[in-house]
Asks: 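First the structure, which I've put down as structure tokens, then a few questions once you've had a look.
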Amino acid sequence: MYAETRPLRARVLPSLPVSEEMAHTQSSMPTAKAYAAASATSSLALTTIPRREPTPYDVQLDILFCGICHSDLHQVRNEWSGVMPTVYPCVPGHEIVGRVTHVGSAITKFKPGDLAAVGCMVDSDRTCPECQAGLEQFCGNMTLTYNFPDRHLGGVTYGGYSDSIVVDERFVLRVPSNLDLAGAAPLLCAGITTYSPMRHWGVTRGKKVGVVGLGGLGHMAVKFARALGTHVVVFTTSPNKIEDALRLGADEVVISRHADEMKKHVGSFDFILDAVSADHDITAYIELLRRDGNMTLVGAPEKPLSVPAFSLIFGRRSLSGSPIGGIAETQEMLDFCGTHTITADVEVIPIQKVNEAYDRLLKSDVKYRFSIDMASLKSK
Ligand SMILES: [Zn+2]
Ligand SMILES: [Zn+2]
């Protein structure tokens, strides 16, 4: 999840017993194997974490795959200390696909054996206007899947780099049975983050859509834009990405450093999704929007972006941002992926390679998402 700026509410949290020997002394509390970082400079390593006893409203999953999101790395290394300081130990992971092992007595939507998924959120207050509108991602009392105050156990929530998780039914999604599960995991963050703004801004058949940056988010955006029946143009700085962009479904690829290529598209786009988190010139893209066109940011550059007001005023263009999506829309996205057989392009790794994967992620050395095969955690 990108650009989440809500500060943690309760910073004075009781620290939980998470070392193996302490967890064992609390024999009544269920535990799970997990990979956690003990500090901002530690590698992720095997540990044991508490998981709650399922309530009547909970679903318990054995986690099969968990995608690696760039947010995981930021959070583990406490790089968002200003807005979301990391509480250690930190177990990241919010692209979770698994199989239901237990359901509470009030559960009707799931049964043991079902495939299920959990994304960036595990709870919200369900009563505020945002929740009532199905926009839980904007709820002021929402609980993120990891590093957020845990209402049940105290301490903070622990994410998907783990062998199991217990989540309220309302935040558990159904996974279409035709999807490859390793590739389905990243849909829970990279997928919904790119699908939601396209739906919000009316991206439909026949529209012209631009995707800036071909990484974990961008490659999903290309697949969705293609499946929605649009004319898809990928903008990249690397000529060596042209072939892949076309394979993923782009109709055209523009090398953004070539001003003459950019000029050909001025005033022509209905929607542009910008997935670049490095510093870059967004005005060049705003100029490519037609009247009432929108550009949505899903990448979060560190420094403030500069936008000349006239680039928006002429053409009544708009610039916006967007975080993940609501639960109902996340289910809609998964169902859409089932219909169109869309998954992320993933490199499946065992959990033991997660630290190496982080190093490679920093070099964008992955096409296009790592997906951890959690069977590797069980075998250890
Ligand atoms: Zn994410
Ligand atoms: Zn709410």
Side-chain angles (χ1 to χ4, degrees), residues 1-6 9 44 63 65-77 79-80 83-84 86 90-97 117-149 151 157-162 165 168 170-171 173 183-197 213 215-221 224 273 275-277 296-300 321-330 333-334 343-344 346 354 357-358 361-362 364 366 368-372:
M1 179 178 176
Y2 285 69
E4 172 59 50
T5 55
R6 183 173 298 113
R9 280 164 289 124
L44 292 154
I63 299 174
F65 291 95
C66 185
I68 297 181
C69 175
H70 216 112
S71 313
D72 300 350
L73 192 154
H74 287 304
Q75 199 78 74
V76 158
R77 300 187 176 173
E79 288 167 356
W80 290 340
V83 285
M84 293 172 74
T86 305
C90 174
V91 178
H94 57 205
E95 296 183 334
I96 300 166
V97 168
V118 177
C120 300
M121 305 178 281
V122 289
D123 210 349
S124 70
D125 61 21
R126 300 135 201 232
T127 54
C128 75
E130 309 291 10
C131 287
Q132 296 288 314
L135 299 168
E136 297 88 353
Q137 73 271 35
F138 302 117
C139 174
N141 297 303
M142 172 257 281
T143 303
L144 292 176
T145 303
Y146 64 84
N147 195 49
F148 224 74
R151 285 160 210 238
T157 48
Y158 294 126
Y161 295 11
S162 168
I165 193 167
D168 188 286
R170 297 185 210 210
F171 288 80
L173 291 309
L187 298 176
L188 277 303
C189 179
I192 188 60
T193 298
T194 50
Y195 180 85
S196 180
L217 292 170
H219 96 289
M220 287 311 310
F224 287 133
L273 189 93
V276 175
S277 51
T296 292
L297 308 178
V298 292
S322 183
I324 53 171
I327 290 299
E329 192 176 56
T330 305
M333 178 273 308
L334 286 168
T343 52
V346 291
V354 69
Y358 275 24
L361 195 59
L362 284 174
S364 301
V366 57
Y368 280 91
R369 207 74 159 170
F370 288 110
S371 186
I372 306 168

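Quantities reported herein were computed from a predicted structural model and do not represent experimental measurements. Counting starts at 1 for both ligands and their atoms, following the listed order.
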Asks: Would you say Arg170 has more than 12 foreign heavy atoms packed within less than 6.0 Å of its CZ?
Replies: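 Atom CZ in Arg170 is not packed in, count stays at 12 or less.
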
Asks: List-wise, which protein N, O or S atoms are found short of 2.8 Å from the Zn ion (ligand 2)?
Replies: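 As for protein N, O or S atoms lying under 2.8 Å from the Zn ion (ligand 2), they are Asp125 OD1, Cys128 SG, Cys131 SG, Cys139 SG.
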
Asks: Sequence neighbours excluded, which residues qualify as side chain to side chain donor-acceptor pair (under 3.5 Å) partners of Thr145?
Replies: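 Thr145 satisfies side chain to side chain donor-acceptor pair (under 3.5 Å) with no other residue.
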
Asks: Please verify the inter-ring angle class for His219 with Tyr368; under 30° counts as parallel, over 60° as perpendicular, anything in between as tilted.
Replies: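 Answer is parallel, since the angle falls under 30°.
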
Asks: Please calculate the SG(Cys189)-the Zn ion (ligand 1)-SG(Cys69) angle and round it to 10 degrees.
Replies: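 Vertex the Zn ion (ligand 1), arms to SG of Cys189 and SG of Cys69: 130°.
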
Asks: Looking at Glu95 and Arg369, is there a salt bridge between them, counting it only when a charged N and a carboxylate O are closer than 4.0 Å?
Replies: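 Answer for the salt bridge query: yes.
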
Asks: Between Ser196 and Thr193 (side chain of the first, backbone of the second, donor and acceptor by atom type, cut-off under 3.5 Å), is there such a pair?
Replies: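 Answer holds: no.
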
Asks: If you measure from the Lys or Arg side-chain nitrogens to the Asp or Glu carboxylate oxygens, is any gap between Asp168 and Arg151 under 4.0 Å?
Replies: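 No, this pair does not count.
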
